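Since the structure is predicted, the reported quantities are computational estimates derived from the model, not experimental observations. Sequence lines set the chain letters: A, B, ... in the order given, protein chains first and strands last, and positions in each chain run from 1.
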Number of protein chains: 2
Amino acid sequence: MKTDKDDIQTCGYTIIHEDVVNDVREKMLADETIISLAEFFKVFGDPTRLNILYALSISEMCVCDLAALLSMSQSAISHQLKVLRQARLIKYRREGKVIYYSLDDDHIRQVFAQGLAHVNE
Amino acid sequence: MKTDKDDIQTCGYTIIHEDVVNDVREKMLADETIISLAEFFKVFGDPTRLNILYALSISEMCVCDLAALLSMSQSAISHQLKVLRQARLIKYRREGKVIYYSLDDDHIRQVFAQGLAHVNE
DNA sequence: CAATCATATGAATATATGTTCATATGTTAT
DNA sequence: ATAACATATGAACATATATTCATATGATTG
């Protein structure tokens with residue numbers, strides 16, 4: 001016959017430290033928050049996007065320049081710029097046919113720097 | 001006939017601002033660095049791993065507790081813990097059959113906090 | 001308005017990745 | 001040793017994602 005302890009098992013395994021789990025459960029972040037956070041970091045999790053962000057942290061640039069700089073197709077760059085735009089990490093201004101992209105705010109530089117600090121340690 | 005400017009094109013499109021591109025090119029990070037950085041951020045780019053990291057920032061926990069807390073299989077948690085271990089974001093200690101996981105250092109909390117600040121703004 | 005240039009985008013493809021399932025490993029207790 | 005438990009892991013599968021290709025859009029110039 002099942003005991004009370006068995007009833008709180010969730011994954012087919014008995015919870016070993018029920019008090020800890022209950023305590024932590026109360027403090028966990030909302031699913032929505034976690035998902036937003038994951039999406040935010042995911043944007044930084046690609047070499048092409050990091051290169052673009054780093055380049056734009058030095059100077060604003062147009063799509064064609066970025067493509068040349070990174071030796072990639074205009075289309076590939078454009079697709080990634082869309083991702084960065086949707087994540088509100090970059091902004092742009094139009095000047096005739098040319099569109100100049102730049103970082104949305106200095107906040108991005110800080111995230112970048114913090115990541116670099118970890119990688120270089 | 002082609003001009004000199006056409007020769008420096010890389011992606012089939014002419015570089016518009018050669019001076020800017022050359023300047024930025026000198027300052028770009030090494031490929032290796034960018035790849036490490038992308039891998040670092042990629043680890044944060046998954047809701048399950050974020051939940052685990054956040055839970056461990058509150059208290060050390062064993063695999064079974066984490067599985068119960070997140071209503072996920074022991075296997076799924078274990079696989080993700082492996083990713084977090086390889087990224088050196090968590091450490092563990094053994095006590096009999098139970099293995100307790102915890103954050104590797106406070107640095108992780110800072111990255112987490114910075115991401116949260118961006119998401120909540 | 002026709003041609004050209006800079007950029008954007010949809011579809012297709014190849015690769016990466018998260019979870020499940022089954023099973024293995026390592027530890028403890030009987 | 002054997003059983004039971006906590007965790008780890010390899011293979012399979014389903015989904016996500018980065019790039020390419022072809023083409024569309026929007027702006028300028030002749």
>> Just to verify, which of A:L81, A:L89, A:V43 counts as forming a side chain to side chain contact (heavy atoms under 4.5 Å, CB included) with A:R49?
In response: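 Per the side chain to side chain contact (heavy atoms under 4.5 Å, CB included) rule, the option paired with A:R49 is A:V43, out of A:L81, A:L89, A:V43.
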>> B:F112 vs A:L29, test: side-chain contact (heavy atoms from CB on, under 4.5 Å). Steps then yes/no.
In response: CA-CA 12 Å; B:F112 211 98; A:L29 299 173; 3.8 Å; yes
> B:D104 and B:L84: side-chain contact (heavy atoms from CB on, under 4.5 Å), yes or no, with the steps?
Replying inline: CA-CA 10 Å; B:D104 199 8; B:L84 293 170; over 6 Å; no
> Between D:dT9, C:dA6, D:dA27, which nucleotide has the shortest distance from any of its atoms to the side chain of B:S78?
Replying inline: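 Looking only at side-chain atoms, B:S78 lies closest to D:dT9.
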Taking atom [atom2] of [N] as reference, at what distance in whole Å does atom [atom1] of [X] sit?
| X | N | atom1 | atom2 | answer |
| --- | --- | --- | --- | --- |
| A:Y100 | C:dA6 | OH | C1' | 11 Å |
| A:D65 | C:dA6 | CG | P | 10 Å |
| B:E95 | C:dG26 | CD | P | 20 Å |
| B:Q86 | D:dA8 | CD | C1' | 12 Å |
| B:I52 | D:dT7 | CD1 | P | 13 Å |
| A:R85 | C:dT7 | CZ | P | 12 Å |
| A:L66 | C:dT7 | CG | C1' | 12 Å |
| A:M61 | C:dT7 | CE | P | 12 Å |

> Could you walk me through whether A:E26 and A:N22 pass the side-chain contact (heavy atoms from CB on, under 4.5 Å) check?
Replying inline: CA-CA 7 Å; A:E26 285 175 8; A:N22 287 336; 5.8 Å; no
> Which part of the nucleic acid, if any, lies within contact of A:Y101, taking any heavy atom under 4.0 Å across all strands shown: a base, the sugar-phosphate backbone alone, or nothing?
Replying inline: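 Sugar-phosphate only.
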> In B/S/- notation, 5' to 3', how is nucleotides 12-22 of chain D contacted by protein heavy atoms closer than 4.0 Å?
Replying inline: -----SSBBBB
Is it true that atom [atom1] of [X] has more than 12 heavy atoms of other residues, nucleotides or ligands lying nearer than 6.0 Å?
| X | atom1 | answer |
| --- | --- | --- |
| B:R85 | CZ | yes |
| B:D31 | CG | no |
| A:E121 | CD | yes |

>> A:D46 vs A:Q80, test: side-chain contact (heavy atoms from CB on, under 4.5 Å). Steps then yes/no.
In response: CA-CA 10 Å; A:D46 175 77; A:Q80 295 299 4; 3.9 Å; yes
>> Using five base pairs at each end to define the local axes, how bent is the helix from C:dC1-D:dG30 to C:dT30-D:dA1, to the nearest 10°?
In response: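 That helix gives 20° between its end axes.
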> Using 30° and 60° as the class limits, which term best fits the ring planes of A:Y101 and A:Y92: parallel, tilted or perpendicular?
Replying inline: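 Ring orientation, 0 to 90° scale: tilted.
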